4 protein chains.
Amino acid sequence: MLRKKRKLTSQVADEKRLLEGKERIAAAAAGLFLNGGYHSTSVREIAQKAGLSVGSVFNYFTSKEEILFFLFSRNQERAQDTLREQRAEFERLKAQGVDPKDLLWLAYQSYARLIDEMRRYTVLGYQELKSLTVAEQRRILEGEERLQQFLEEVLSYGVEQGAFPGGDVNLKAHCLMVLAQSWAVRHWALKHFTKIDDYLSALKKIALGIAEERTFAPHRIAMVAADANGYDFEKSEV
Amino acid sequence: MLRKKRKLTSQVADEKRLLEGKERIAAAAAGLFLNGGYHSTSVREIAQKAGLSVGSVFNYFTSKEEILFFLFSRNQERAQDTLREQRAEFERLKAQGVDPKDLLWLAYQSYARLIDEMRRYTVLGYQELKSLTVAEQRRILEGEERLQQFLEEVLSYGVEQGAFPGGDVNLKAHCLMVLAQSWAVRHWALKHFTKIDDYLSALKKIALGIAEERTFAPHRIAMVAADANGYDFEKSEV
Amino acid sequence: MLRKKRKLTSQVADEKRLLEGKERIAAAAAGLFLNGGYHSTSVREIAQKAGLSVGSVFNYFTSKEEILFFLFSRNQERAQDTLREQRAEFERLKAQGVDPKDLLWLAYQSYARLIDEMRRYTVLGYQELKSLTVAEQRRILEGEERLQQFLEEVLSYGVEQGAFPGGDVNLKAHCLMVLAQSWAVRHWALKHFTKIDDYLSALKKIALGIAEERTFAPHRIAMVAADANGYDFEKSEV
Amino acid sequence: MLRKKRKLTSQVADEKRLLEGKERIAAAAAGLFLNGGYHSTSVREIAQKAGLSVGSVFNYFTSKEEILFFLFSRNQERAQDTLREQRAEFERLKAQGVDPKDLLWLAYQSYARLIDEMRRYTVLGYQELKSLTVAEQRRILEGEERLQQFLEEVLSYGVEQGAFPGGDVNLKAHCLMVLAQSWAVRHWALKHFTKIDDYLSALKKIALGIAEERTFAPHRIAMVAADANGYDFEKSEV
DNA sequence: GATGAATGAGGTTTCATTCAT
DNA sequence: TATGAATGAAACCTCATTCAT
């Protein structure tokens, strides 16, 4: 009669307690997801590590996948908060007439430090984003895009001010993002940097060099079949 | 992570047949692993897509994981082949006194094109490497390191020849690798480039800029606890 | 990526084997469903009784519910087969000018014997029909309606021939059906009849009496709110 | 079927409060049990609909099953009350020398109206009786038997008075009961009757016809193996 | 060598019931 | 007495793997 009744809400009523519980479980899950991956981690393991019974986990989350999504969104929020602060800071410093190069470097540093703080989640993103619903994936990627957009804005401001040459701002921002993220996702290749600040100081010239490079303007034309390069990919593309 | 294998060898005797079968199955698996992930793909699906019975798959591979490993190693081999060619080419051109900058650009281009050809597997690497045994992971990463080493050698040659300033060659190579790989793993952000060559020509100045940047020399001291930066990671680190 | 992939077909390929297996499992399930009910019966129990492993059950059926539906439909088919025979027989005897009363009694007897043969399933129907999808329920009830329609036709033929008075043929058929079904669903109250034929011979006069009764013609007007009799039923009505 | 109860008494001391609470919960449960079935209804849903907490439900009932039993018994009581009234009325009218046929019809009508009032529970009985303990089942069925016995007595009185022919009074009562219950359990086939009284007036001639039918006397011999008709039923028989 | 049915361990999820607050 | 979070057993179902044919 009632087919497919899905429990839509968490069982725990008290908002504060609910969030605390979620945090606790998610924290336990994060570690396990990272070593071993999302699919290889059982809810039983998560519960155990969080010091709860299996059933209790489902009082806080309605599904295992929700735990993964929670991890991503919570960090997304964290990133967006930082972004907001950065924006404010950027406007403030701009008004003070600070050198665009310094502005970029400040912005970039704070992005890289964010990556460092959330290193585990950055890696998780690269690994397990595809385990989410397409809708959920999009939500997360939109956040990422907003981060990149900010770098683009800072770069564009530099162009306006004559600090950087015009060019493919979008590409430059992409490169900068990727180099920051590599601190997390390719950390094994950067083992000789002890801390993010070591990496950053080594990277400084390279990063600014990218910004100052005179590249071609972008060909902002939406290609009809952007992906028509001979591949027979079936659906995906993450 | 570690598991006990029952049957250690494949059931198929004829070497040629065996390899053909493996290729066929792996090809089918590759697509499925990419859209859907390794864990969500069942052996039955793979068998079906390969036009075989479930049982047959296990005549060619001893486990599902072996299929994944096969995919990685086969591509590793492919990459190492390319690397060997590149090395030969590099020596030849070096002997002809070709400009180190051109040498680097040639090497880099061919690496990027390799990434492009194996785009699906590059993504797969970022996503599913952790699904392998630690030993297997290491084997794959060693290949990756060899690729980076080649770039480092080319860069070093440029330094010797006075084309590039001295500096952290290791870091530069890392950056170059990451930017090439981003064509695969962050392709959604590069949608406005139709083909790898479009991306490459836009990237050329940036890449060479990185090579020519005057960075600090590396502090080649192996840190005792390179990872002692406050994290409580348990085991892994990919 | 692929969300909600439902295994749509049974795993067993060989048609004959598949059917045999289904029969075997369904037979085991039938008994268990009857004592204890559908929900209280676990798949493990079914498997055990059928002499199979749990997994194997799901090679034959895609879900537990399918077992229940299989039971219902298979008996539905069985009933429809009998119905077809009855129809043929009816036409044959009608052509021979057999007395309508005898025709009715023959038809009724064979329906009652069918009920007897499928007694367990008749009970199951009363108990567990609601455990099916609404669509599936409808399919089963349509079969039941066809059975009743046949009785109505036989009754109508008797009316034409002057053997029975006109009246609410639909109601009469309903009464006859219910009395036959009561042999299954209220068997505890009929314990003093050893066999269906005992019950039938005792019931003969009553059944024919019903047919011969002079009832009012039916008020075949579709009532606007047929159910507006003060109840606050929420949805169902089986 | 049989289970171990932990707590044997309800937690609520005040008798009045206890009963009020039980009624409230049972009322909520009744609707849910009907649409959806006993097993598919969770205690949480019941609590929610009753406007209580889950814990409170278990202050009033010691188990979910007890709710079901409560529903059945409360209606059983209701039925027995009506029965008592009917008995009194019957004696009164008998003393007044009322026509036995009228007596039967009055008694039958009031039974049918009872069924109508408790339609939901009649259906529930057919569906979920088996979810009770065997002992509980028996208690409920005994009540049902008492109801039938009354009809038998009324019929017997008619026989004594020469209004009905002798015959299988037990069978006749059974038939009458079943036809009344069909208003509830096979309501879908009687949709063209808006109200129970419509059904009753259409049924009147049939019902009285049954009473007046000249059937065989019953063979009241307890059969040794009453069920020896080839079935392999294991335990139950509802 | 190929097949595919059988297996059973283990996955996620539900839910009646308990019990500290 | 009321609450609702915690529990853990047990449910359904999936799937890699085996093995008789």
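Throughout, a chain's letter reflects where its sequence line sits, starting with A, and its residues are numbered from 1. Keep in mind that what you see is a predicted model, and the values were worked out from it rather than measured.
In this structure, A:Lys130 forms no cation-pi arrangement with A:Tyr38, as its terminal cationic atom is not both closer than 6.0 Å to the ring centre and no more than 45° off the ring axis.
Distance check: A:Glu23 CD to A:Leu71 CG gives 9.0 Å after rounding to the nearest 0.5 Å. The CD atom of D:Glu20 sits 10.0 Å away from the CG atom of D:Leu18 when rounded to the nearest 0.5 Å. Atom CD1 in C:Ile140 sits 8.0 Å away from atom CD in C:Glu136 (nearest 0.5 Å).
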Sugar-phosphate atoms are those with a prime plus P, OP1 and OP2; base atoms are the rest. Using that split, label each nucleotide of nucleotides 1-7 of chain E B, S or - for protein heavy atoms under 4.0 Å, 5' to 3'.
-> SBBBSBB
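Of the candidate nucleotides F:dT18, E:dT17, E:dT12, E:dT12 has the atom nearest to the side chain of A:Phe58. Residue A:Lys64 has its side chain nearest to E:dT13 when only E:dA16, F:dA16, E:dT13 are considered.
Here E:dA16 presents its P atom at 13 Å from CD of D:Gln48, a figure rounded to the nearest Å. Taking atom CD of B:Glu66 as the reference point, atom P of F:dA16 lies 15 Å away to the nearest angstrom. Atom NE2 in B:His39 sits roughly 15 Å away from atom P in E:dG10 (whole-Å rounding). Atom CD in C:Glu45 sits roughly 11 Å away from atom C1' in F:dA10 (whole-Å rounding). The distance from atom CD1 of B:Ile67 to atom P of F:dC15 is 14 Å, rounded to the nearest whole Å. D:Ile25 has its CD1 atom 14 Å from the P atom of F:dT1, to the nearest Å. One atom, CD of D:Glu20, and another, C1' of F:dT1, lie 14 Å apart when rounded to the nearest Å. Spacing between atom CD1 of A:Ile46 and atom P of E:dG10 amounts to 17 Å, rounded to whole angstrom units.
Between the side chain of A:Ser53 and the main chain of A:Ser56, a donor-acceptor pair closer than 3.5 Å is present.
As judged by a 4.0 angstrom heavy-atom cut-off over every strand, C:Ser40 is placed among residues making no nucleic acid contact.
Taking a pair as Watson-Crick or G-U with both hydrogen-bonding distances under 3.5 Å, the stems of three or more pairs touching DNA chain F are E:2-21 with F:2-21.
Residue pairs meeting the salt bridge (Lys or Arg N to Asp or Glu O under 4.0 Å) criterion with at least one partner in residues 24-46 of chain C, sequence neighbours excluded, are absent.
Put simply, the residue from B:Tyr60, B:Phe61, B:Phe33 that forms a ring-ring contact (aromatic ring centres under 6.0 Å, His included) with B:Phe70 is B:Phe61.
The environment of CD in A:Glu66 is crowded: more than 12 heavy-atom neighbours from other residues, nucleotides or ligands sit within 6.0 Å. Counting heavy atoms of neighbouring residues, nucleotides and ligands inside a 6.0 Å radius, atom CZ of A:Arg139 does not exceed 12 of them.
Comparing C:Ser63 and B:Tyr38 along DNA chain F, the residue whose closest nucleotide (by nearest heavy atom) sits nearer the 5' end is C:Ser63.
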